[in-house]
**Student:** 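Got a structure here, written out as structure tokens. Questions coming.
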Amino acid sequence: MAADQYTFQNPVEMYADIQPSAQHQPEPGLDAKLSPRADLGEVSYRGSGRLAGRRALVTGGDSGIGAAVAIAFAREGADVAISYLPEEEEDAARIVGLIEDAGRTAVALPGDLRDAAYCRQLVADAVAGLGGLDIVVNNGGKQIFNDDLATLSDEQFDDTFKTNVYAMFWITKAALEHLVPGSAIINSTSVQAYSPSDILVDYASTKATINTFTKALAQQLAPKGIRVNAVAPGPIWTPLQVSDGQPQEKVAEFGEDTPLGRMGQPAELAPAYVFLASAESSYVAGETLNVNGGMPTP
Ligand code: NAD
Ligand code: MG
């Protein structure tokens with residue numbers, strides 16, 4: 001079966017033969033070590049000029065959903081800066097190569113999103129490297145499962161909020177000095193914002209915050225011609241999940257409880273981000289686009 005977003009096919013059967021076994025990587029996980037490899041759309045994604053001449057910053061653009069978004073944006077005609085942790089250089093270098101293969105400029109900006117000074121510098125460096133900025137995708141994120149609040153450390157609680165929430169605030173605030181009318185901000189939230197798992201108390205709380213931040217800020221910025229939206233993925237096959245995002249034994253059945261009966265691939269997320277970044281979504285602001293295998297959302 002063709003694994004692409006263009007062939008008319010049964011979405012239940014698509015990617016259904018992918019059966020990962022239990023596996024573990026230290027945080028942050030690498031796409032290069034994921035087994036089987038995730039589909040980032042590197043073979044399949046076809047652009048049609050929807051982001052011609054645009055300039056995008058994608059945090060966590062080295063792997064998973066962010067990497068699929070970076071590839072799609074480049075093939076739609078955008079120059080793309082990606083942020084990632086220094087340990088993820090191998091994944092990042094591959095995505096930089098794919099952006100350049102699309103004939104676009106790639107800017108690689110490693111650093112730690114928990115650091116406010118880095119977040120501000122990241123925006124400044126993206127603006128310098130791209131010659132401006134009109135798309136910001138706050139996608140980098142931390143997810144470490146914990147099944148007992150008594151053992152959820154202050155450090156983890158702080159790190160999860162810094163990475164998922166504070167970085168979005170610092171980056172968005174710095175970016176606003178550069179974003180012109182027509183620009184788009186897209187935040188990666190999660191189905192966890194509405195249907196939190198008992199083992200993801202800190203993570204799910206950050207995702208609800210991201211959703212509400214998006215809806216509040218969207219109203220503030222819409223009159224200025226800047227649209228803010230979110231994408232809420234369901235269970236997607238990425239290195240986040242195998243680096244303690246889930247217990248190892250849950251990895252093998254990941255996504256089987258969704259109506260489509262399977263986990264999603266990063267390639268299935270990219271079109272949602274392209275839509276929200278492009279002028280096609282000119283009347284869409286404050287929206288959360290759920291890409292979750294059919295799970296009901298509010
Ligand atoms: P991923 O591991 O491929 O991407 C997450 C990225 O976050 C990493 O590549 C890393 O570069 C970045 N990151 C983490 N901590 C960082 C730090 N301290 N400093 C700098 N960068 C840091 O996994 P993914 O699943 O593609 O995650 C992307 C986004 O999608 C996250 O916000 C995640 O919460 C969200 N999401 C994922 C799923 C899923 O099932 N995979 C579901 C819902 C939401
Ligand atoms: Mg990564």
Side-chain angles (χ1 to χ4, degrees), residues 25-34 37-40 58-70 82-95 108-116 118-119 122 137-145 156 158-168 170-171 186-197 200 202-211 230-246 250-251 254-255 258 262-270 272-273 288-293 295 297:
Q25 293 186 38
E27 186 200 12
L30 290 181
D31 258 335
K33 293 191 176 143
L34 206 55
R37 293 293 291 266
D39 182 6
L40 305 181
V58 181
T59 68
D62 58 299
S63 61
I65 296 164
V69 169
I82 61 169
S83 89
Y84 52 96
L85 284 163
E87 305 94 285
E88 299 176 300
E89 193 58 52
E90 179 182 357
D91 278 354
R94 178 166 173 260
I95 303 308
L109 301 168
D112 193 329
L113 290 172
R114 293 170 299 182
D115 177 359
Y118 163 74
C119 288
L122 170 64
V137 180
N138 289 301
N139 167 78
K142 179 183 178 76
Q143 174 185 329
I144 303 290
F145 81 89
Q156 175 174 326
D158 200 40
D159 281 351
T160 305
F161 269 83
K162 286 263 165 59
T163 309
N164 299 3
V165 175
Y166 281 66
M168 170 183 69
W170 293 323
I171 289 168
I186 306 165
N187 300 322
S188 292
T189 175
S190 170
V191 67
Q192 288 287 327
Y194 332 103
S195 301
S197 299
L200 295 173
D202 55 338
Y203 173 83
S205 302
T206 66
K207 293 297 166 177
T209 301
I210 292 167
N211 216 24
V231 175
I236 311 302
W237 186 232
T238 72
L240 189 80
Q241 301 298 348
V242 302
S243 51
D244 293 322
Q246 302 285 339
K250 284 206 175 173
V251 166
F254 192 50
T258 65
R262 63 170 177 86
M263 61 191 175
Q265 293 289 323
E268 298 182 278
L269 271 295
Y273 289 81
T288 301
L289 187 37
N290 295 280
V291 185
N292 69 17
M295 289 183 281
T297 57

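Numbers here are sequence positions counted from 1. Numbering of ligands and ligand atoms starts at 1, following listing order.
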**Student:** Between T189 (side chain only) and K207 (backbone N and O only), is there a donor and an acceptor less than 3.5 Å apart?
**Tutor:** yes
**Student:** The Mg ion (ligand 2) and D62: any N/O/S contact shorter than 2.8 Å?
**Tutor:** yes
**Student:** Is there a donor-acceptor pair under 3.5 Å between the side chain of D91 and the backbone N or O of A32?
**Tutor:** yes
**Student:** Give the protein residues with at least one non-hydrogen atom closer than 4.0 Å to an atom of ligand 1, ordered by chain and number.
**Tutor:** G60, D62, S63, G64, I65, Y84, L85, E88, G111, D112, L113, R114, N139, G140, G141, T163, S188, T189, S190, Y203, K207, P233, G234, P235, I236, T238, P239, L240, Q241, F254
**Student:** Any side-chain heavy-atom pair from Y84 and S63 closer than 4.5 angstrom?
**Tutor:** no
**Student:** Is a side-chain donor or acceptor of E268 paired with a backbone partner of Q265 at a separation under 3.5 angstrom?
**Tutor:** yes
**Student:** Hey, is the Mg ion (ligand 2) within less than 2.8 Å of some N/O/S atom on S63?
**Tutor:** yes
**Student:** Within less than 2.8 Å of the Mg ion (ligand 2), any N, O or S from E88?
**Tutor:** yes
**Student:** Ignoring hydrogens and geometry, is there a side-chain-to-backbone donor-acceptor pair from Q25 to P239 under 3.5 Å?
**Tutor:** no
**Student:** Would you check if there is a donor-acceptor pair between the side chains of S197 and Y203 at a distance under 3.5 Å?
**Tutor:** no
**Student:** Would you give the length of the straight line joining atom CG of N138 to atom CD1 of I210, rounded to the nearest 0.5 angstrom?
**Tutor:** 8.0 Å
